[in-house]
Amino acid sequence: QVQLVESGGGLAQPGGSLRLSCAASGSIVSINAMAWYRQAPGKERELVATIASSGGDTHYVDSVKGRFTISRDNAKNTAYLQMNSLKPEDTAVYYCNAEVTKTLRTIPLTFRTETYWGQGTQVTVSS
């Protein structure tokens, strides 16, 4: 089994910063694209940022451009979301998403690529 665990959420004041982490564990062969999503109360889950396997290709939703930065450390199977200049509108549960190639079986050796979700971490921006 593959698990994604988010951490780093909490309470911040407007204009403050938080750094989220997403650590993947399990029978991982490789991790392809990774992404951060968020869902505010009463709203649909939205894509915030994506990053390719190499870390060189990133994309952001317009509302966070210039404020948020997605990165990854492949040696640690971990993605990060650095959030600066936080606004109350950023308040949401943030979810990590990753496309992972895992070892499905060892005998015979079998691989499978699937998409996984973390359980989310709460980010609250308020004075």
Side-chain angles (χ1 to χ4, degrees):
Q1 181 68 290
V2 173
Q3 292 183 322
L4 303 179
V5 180
E6 301 98 335
S7 62
L11 177 64
Q13 294 187 358
S17 297
L18 288 173
R19 181 178 172 87
L20 306 184
S21 298
C22 171
S25 62
S27 300
I28 298 171
V29 176
S30 63
I31 303 177
N32 301 319
M34 301 187 77
W36 287 96
Y37 289 74
R38 67 185 180 186
Q39 186 168 22
K43 296 184 178 180
E44 297 292 324
R45 187 172 300 186
E46 69 170 345
L47 177 64
V48 177
T50 62
I51 186 167
S53 60
S54 68
D57 188 12
T58 59
H59 296 88
Y60 302 90
V61 68
D62 286 344
S63 60
V64 309
K65 287 181 179 177
R67 301 189 298 119
F68 290 9
T69 302
I70 187 172
S71 61
R72 63 191 292 168
D73 185 339
N74 289 338
K76 298 180 179 179
N77 287 333
T78 300
Y80 306 93
L81 186 67
Q82 179 67 47
M83 304 185 294
N84 298 326
S85 302
L86 284 164
K87 303 176 180 179
E89 302 85 78
D90 296 319
T91 296
V93 177
Y94 283 71
Y95 297 91
C96 181
N97 175 269
E99 185 177 83
V100 179
T101 298
K102 70 174 185 180
T103 301
L104 183 63
R105 308 178 195 277
T106 56
I107 302 175
L109 184 60
T110 306
F111 300 143
R112 177 171 291 179
T113 299
E114 297 179 334
T115 299
Y116 294 87
W117 289 92
Q119 293 186 324
T121 184
Q122 176 71 50
V123 171
T124 302
V125 183
S126 175
S127 60

Note, L47 side chain near V61 side chain (heavy atom, < 4.5 Å): no

The test is side chain to side chain contact (heavy atoms under 4.5 Å, CB included); show your working for I28 and K102 and say whether it passes. CA-CA 4 Å; I28 298 171; K102 70 174 185 180; 5.6 Å; no

May I have the step-by-step check of side chain to side chain contact (heavy atoms under 4.5 Å, CB included) for E89 and S63, ending in yes or no? CA-CA 10 Å; E89 302 85 78; S63 60; over 6 Å; no

Are any side-chain N or O atoms of R67 and backbone N or O atoms of S85, one a donor and one an acceptor, separated by less than 3.5 Å? yes

Does the side chain to side chain contact (heavy atoms under 4.5 Å, CB included) test come out yes or no for N32 and T101, once each step is laid out? CA-CA 8 Å; N32 301 319; T101 298; 3.9 Å; yes

The test is side chain to side chain contact (heavy atoms under 4.5 Å, CB included); show your working for R72 and I31 and say whether it passes. CA-CA 11 Å; R72 63 191 292 168; I31 303 177; 3.5 Å; yes

Partners of S71 by side chain to side chain contact (heavy atoms under 4.5 Å, CB included), sequence neighbours excluded? Y80

Contact list for residues 90-125, test ring pair (Phe, Tyr, Trp, His ring centres under 6.0 Å), sequence neighbours left out: Y37-W117

CD-OG distance between Q1 and S27, expressed to the nearest 0.5 angstrom: 9.0 Å

Residue pairs passing the ring pair (Phe, Tyr, Trp, His ring centres under 6.0 Å) test where at least one lies in residues 54-76, sequence neighbours excluded: none

Roughly how far apart are K76 NZ and S25 OG, rounded to 0.5 Å? 15.0 Å

The criterion is salt bridge (charged side-chain N to carboxylate O under 4.0 Å, His left out); which residues satisfy it with E46, sequence neighbours excluded? R38

Going through the distances and angles, do K87 and D90 end up as a salt bridge (charged side-chain N to carboxylate O under 4.0 Å, His left out)? CA-CA 5 Å; K87 303 176 180 179; D90 296 319; over 6 Å; no

Shortest non-hydrogen contact from W36 to A79? CZ2-O, 4.0 Å

Indicate whether the side chain of T91 and that of T124 have a donor and an acceptor atom separated by less than 3.5 Å. no

With sequence neighbours excluded, tell me which residues meet side chain to side chain contact (heavy atoms under 4.5 Å, CB included) with A23. T78

Distance, nearest 0.5 Å, that separates CG of N97 from OG1 of T50: 10.0 Å

Separation between CD of E6 and CG of L81, rounded to the nearest 0.5 Å: 11.0 Å

Are more than 12 heavy atoms, taken from residues, nucleotides or ligands other than Q119, located less than 6.0 Å from that residue's CD atom? no

How about Q39: does its CD atom have over 12 heavy atoms from other parts shown lying under 6.0 Å from it? yes

List the atom pairs, with distances to 0.1 Å, where a side-chain N or O of residues 7-20 and a protein N or O form a donor-acceptor pair under 3.5 Å, not counting sequence neighbours.
{"unit_1": "S17", "atom_1": "OG", "unit_2": "N84", "atom_2": "OD1", "d": "2.9"}

